[in-house]
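In what follows, every chain begins at residue 1, and chains take the letters A, B, ... in the order their sequences are listed. Hydrogens, waters and symmetry mates are skipped; everything else that's a heavy atom, side chains included, is used.
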Amino acid sequence: MRGSAQVSAVPAPVGIVLVSHSAAVAAAVAELARGLAGGGDLAPVLPAGGTPDGGLGTSSELICEAAKAVDRGAGVALLVDLGSAVLTVKALLAEGDELPEGARLVDAPFVEGAVAALVTASAGGDLDAVAAAASEAYAYRKE
Amino acid sequence: MGMGSDDVTETFGAGFLVRWLAAVAEDVDREADRLTELDSAIGDADHGANLKRGFAAVTETLANEPPATPGAVLTTAGRQLISTVGGASGPLYGTLLRRAGKALGEDGEVTRERLAEALGAGVAAVSQLGGAQVGDKTMLDALVPAVEGLRSSYEEAGAAAEKGALATVPLQARKGRASYLGERSIGHQDPGATSSALLFAALADTARAEGV
């Protein structure tokens, strides 16, 4: 256990929300990112997958709940899969006041971006650094 | 309530838009199976059920807490659609109504022309959100001509939206899930354009029933 004085000296981490049409996909990608991000203190990351009744789709309520839960005041990076997940987050950012201050849609591949974002946020990167690391995952070619 | 739909000084209040959205909910409920059938041809077969849930929630919210101004009716409805629909049509229709509501501001009474202008701002926001244009086989193929028609009359808006929706049949989808189908999307009417036509048919019906 660290002393509280030491903890308060560490800058607040960026929070990460993983938005997928599927609750299982969002939860599994969060678990994967936590596992691959390695030891040490991890930045907060939460899944927001599917609809509240367990179906496939996008729920603005689940997204906003998760965003509030991971918000430590340093911004929240939202990674999304496709279609309504992208449009819902964009619509909330453009028109609404439901998301916390400093919430940002990050343009990134969902799985690779989630890992890059969590590693960067856990290392103390700010929101720009987290977003850049997640987006850079697009450049990693597999063939 | 005045004489004709070409009377540009005719105004309406929040109640008219609440009744419009209630009429939309009825029409969507009646046409839900057809919307889902269209969506099963080129989409993921949830458009009817999604919109039915969304507009039922809108009607309930507006009935429980009736907003005081036309603008507040639309922003409340838009917020409700974004939070309850679950598919892409939620943020799209939600943005349409929310942006239109903001454009109407705090006025207690507005004209058809103001509504056309506000919905025009909403349609522009939808286009920006989804990155689609007219001709991409989306809801914009009905919404854009509908808003243009609304500058003339409610009837013209309804007719133009219906015509726009029918005109999506020969188009190849360039946005959304249907675009993955490429040429196989040709020959099907777009579900989003079809539900958009329902919105404006309900507006024309409501205006006609109230003699606006």
Side-chain angles (χ1 to χ4, degrees), chain A residues 17-27 46-69 76 78-101 103-110 135 138, chain B residues 39 42-54 57 71 74-103 118 121-122 124-132 138-140 173 175-180 191-192:
Chain A
V17 176
L18 304 176
V19 184
S20 170
H21 277 57
S22 153
V25 167
L46 280 177
T51 57
D53 60 4
L56 296 180
T58 308
S59 160
S60 66
E61 278 153 34
L62 292 179
I63 294 168
C64 294
E65 269 173 33
K68 278 170 196 143
V76 175
L78 296 124
L79 280 79
V80 299
D81 61 0
L82 68 168
S84 61
V86 184
L87 294 179
T88 299
V89 171
K90 277 189 176 176
L92 289 170
L93 290 171
E95 302 292 327
D97 50 9
E98 296 96 333
L99 287 171
E101 189 78 18
R104 189 192 296 181
L105 172 63
V106 171
D107 182 23
F110 193 60
S135 288
Y138 274 132
Chain B
D39 195 30
I42 58 173
D44 51 0
D46 61 1
H47 194 52
N50 282 347
L51 280 193
K52 192 171 152 175
R53 181 171 58 245
L74 298 187
T75 51
T76 302
R79 176 183 286 249
Q80 197 64 36
L81 288 176
I82 293 172
S83 77
T84 53
V85 167
S89 54
L92 291 167
Y93 280 126
T95 293
L96 171 71
L97 296 183
R98 223 166 170 178
R99 184 62 65 87
K102 280 186 190 168
V126 169
S127 174
Q128 194 186 11
L129 177 62
T138 71
M139 56 203 290
L140 289 171
K175 284 288 164 188
R177 186 192 176 284
S179 65
Y180 300 157

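Taken to the nearest 0.5 Å, the OG1 atom of A:Thr58 stands 9.5 Å off from the CG atom of B:Asn50.
When all heavy atoms of B:Pro91 and A:Leu87 are compared, the pair lying nearest together is CB-O, 3.4 Å. In terms of heavy atoms, A:Ser84 sits closest to B:Gly86 at OG-O, 3.7 Å.
When heavy atoms are compared at a cutoff of 4.5 Å, A:Leu62 does not approach chain B at all. At a 4.5 Å heavy-atom cutoff, A:Ile63 makes no contact with chain B through either its backbone or its side chain. Heavy-atom distances place no part of A:Ser59 under 4.5 Å from chain B, backbone and side chain included.
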### Task
Using the side chain to side chain contact (heavy atoms under 4.5 Å, CB included) rule, take A:His21 and B:Asp44 through it: C-alpha gap first, then chi angles, then the decisive distance, then the call.
CA-CA 12 Å; A:His21 277 57; B:Asp44 51 0; 5.7 Å; no
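Classification of A:Glu98 and B:Arg98 as a salt-bridged pair holds, one side-chain N sitting under 4.0 Å from a carboxylate O.
Side-chain contact between A:Thr51 and B:Arg53: absent, with no pair of heavy atoms (C-beta onward) separated by less than 4.5 Å.
Put simply, of B:Lys102, B:Gln128, B:Lys175, the one with the most heavy-atom pairs under 4.5 Å next to chain A is B:Lys102.
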